[in-house]
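Please read all numbers here as calculations on a predicted model, not as lab measurements. We name chains A, B, ... by the order of the sequence lines, and we start the count at 1 in each one.
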There are 2 protein chains.
Amino acid sequence: MTAESGRPVTVVIADDEPLVRGGLRLILDSEPDLEVVGEAADGSEAVAQARRLRPDVVCMDVRMPGVDGLRATELVLRLPDPPKVLVVTTFEHDDYVLDALTVGASGFLLKRASADEIVQAVRTVAVGQSLLFPEAVRSLVRGGRGAAARYAGPPLTPRESEVLGLVAQGMTNAEIAAELVVGLETVRTHVASVLGKLGARDRTQAVVTAYRTGLVEV
Amino acid sequence: MTAESGRPVTVVIADDEPLVRGGLRLILDSEPDLEVVGEAADGSEAVAQARRLRPDVVCMDVRMPGVDGLRATELVLRLPDPPKVLVVTTFEHDDYVLDALTVGASGFLLKRASADEIVQAVRTVAVGQSLLFPEAVRSLVRGGRGAAARYAGPPLTPRESEVLGLVAQGMTNAEIAAELVVGLETVRTHVASVLGKLGARDRTQAVVTAYRTGLVEV
DNA sequence: TGCGGGTTCCCCCGCACGGGGGAGGGGCGG
DNA sequence: CCGCCCCTCCCCCGTGCGGGGGAACCCGCA
């Protein structure tokens, strides 16, 4: 709906293998309407690059050291005006395909895809379409996984979950302290670590994540 | 995995409006790797053409007299070595989108898509990928047909809804101001009136209400 | 013509919030 | 036994936020 109009599509490549990054860059940069503006070797770097460079598309490898592609995808999509995430994978039937869709990936790209298919895939997600494996679609159509919208990331401690639940009710720290019969500072500590684990900047973002990932009931 | 390799992708266009057929043919035939080999004005004709011409892709309008696109898609996909079906539609949020996926359509194409997007879409489904609207994916991920949402309260103005949407993304007032290209004070004003209308004490409560009442999409 | 609502912008003020530290006690596993 | 994690509580500091005012512009409608 809003592409092909002047400015090239900007891309950030996130893959731990330099060879793959190089290959992708070669393929994408050879297209006049695509421009690789950055690379990242792991998940956290990918998020940083996405935040800094604000690309249209992030080609994200799933298997990366440290913060993996799935978690990185979540974080990237939480940025303001987030880029589209194109998950790069080796096999089309892996488990994380559905997980990636759940966290909001726009599409998938097989590493063995042809150069044409790769540039097409980038263009496709850039204009806002979703690009899936037919297997994934079938799986989704017939119900995919049950209901629960899983949350990856670092696990929350019981107390943290409790606090997040109350935050997601719209309570202030003082109210939560009263509710849990603990000190205000304690609540502050829990909230702080929840924010850290969720990758949220403030309680509002934490609430957004909580609702979107099903960490709390709607 | 089997395109760009010699023989062009063959396409049959099924639409009851000659104008649309002509437009599609013009766009697709101008690409050297795509070839429109047939046209159909209704569903049964589409099935017949697909059987006779054995194209790689059928561009299928949903609304057609007689046998509609949905039913025709079913029949086409039941042929031996069936073509991919690309459903052509006007609105991305129509009900039959999920139905079409259920019967096995490979993707969707908006009539208002650009020429580039159209040829990309055909190529994409030709190689066996699925091309969906992000809305459809989200809907699938969270398990099928949507639930209604009710919000009573005073109606929000367009601008207020927009601001609330961004607040519900976790954005700060400053980020929203930048996003909407207005002053910070303006955003403050909008947020304040949103809080008032929702009966929320702070933005966090507003987000909670927004998610719970369906004022914003999860 | 005047009124009202929507959108835009401005001031001041108090405060809850989040980041940066640190610290002590209890439980559990190496 | 010691280390580690969880829970608890404490400090300072900067700031984003929300409440309280007000005001201008444009538009549609009476």
Original post:
Would you say the side chains of S44(A) and D42(A) form a donor-acceptor pair under 3.5 Å?
Top reply: yes
Original post:
Once you round it to whole Å, what is the distance between P of dC6(D) and CG of L156(A)?
Top reply: 10 Å
Subject >> Separation of atom CD in Q205(B) from atom P in dA16(C), rounded to whole Å >> reply: 14 Å
Original post:
Which residues satisfy the side chain to side chain contact (heavy atoms under 4.5 Å, CB included) test with R188(A), sequence neighbours excluded?
Top reply: N173(A), L184(A), E185(A)
Original post:
Looking only at side-chain N and O atoms, does H190(A) come under 4.0 Å of OP1 or OP2 in dT8(D)?
Top reply: yes
Subject >> Minimal non-hydrogen separation, L75(A) against V47(A), with atom names >> reply: CB-CG2, 3.7 Å
Subject >> Position toward the 5' end of DNA chain C (nearest nucleotide), T157(B) or A200(A) >> reply: T157(B)
Subject >> side chain to side chain contact (heavy atoms under 4.5 Å, CB included) partners of A40(B), counting only residues at least two apart >> reply: A14(B), E45(B), A46(B), Q49(B)
Subject >> V167(A) and I176(A), any side-chain heavy atoms less than 4.5 Å apart >> reply: yes
**OP:** List the steps and the verdict of side chain to side chain contact (heavy atoms under 4.5 Å, CB included) for L166(B) and E179(B).
**Re:** CA-CA 9 Å; L166(B) 297 177; E179(B) 176 75 25; 3.8 Å; yes
Between N or O atoms, less than 3.5 Å apart, protein on one side and nucleotides 9-17 of chain D on the other: list the pairs.
residue : atom : partner : partner atom : Å
dC9(D)  : OP2  : G183(A) : N            : 2.4
dC9(D)  : OP2  : T186(A) : OG1          : 2.5
dC9(D)  : O5'  : T186(A) : OG1          : 3.3
dC9(D)  : N4   : T189(A) : OG1          : 3.0
dC17(D) : OP2  : N173(B) : N            : 3.2

**OP:** Let me know the distance between CZ of R201(B) and P of dC15(C), rounded to the nearest Å.
**Re:** 15 Å
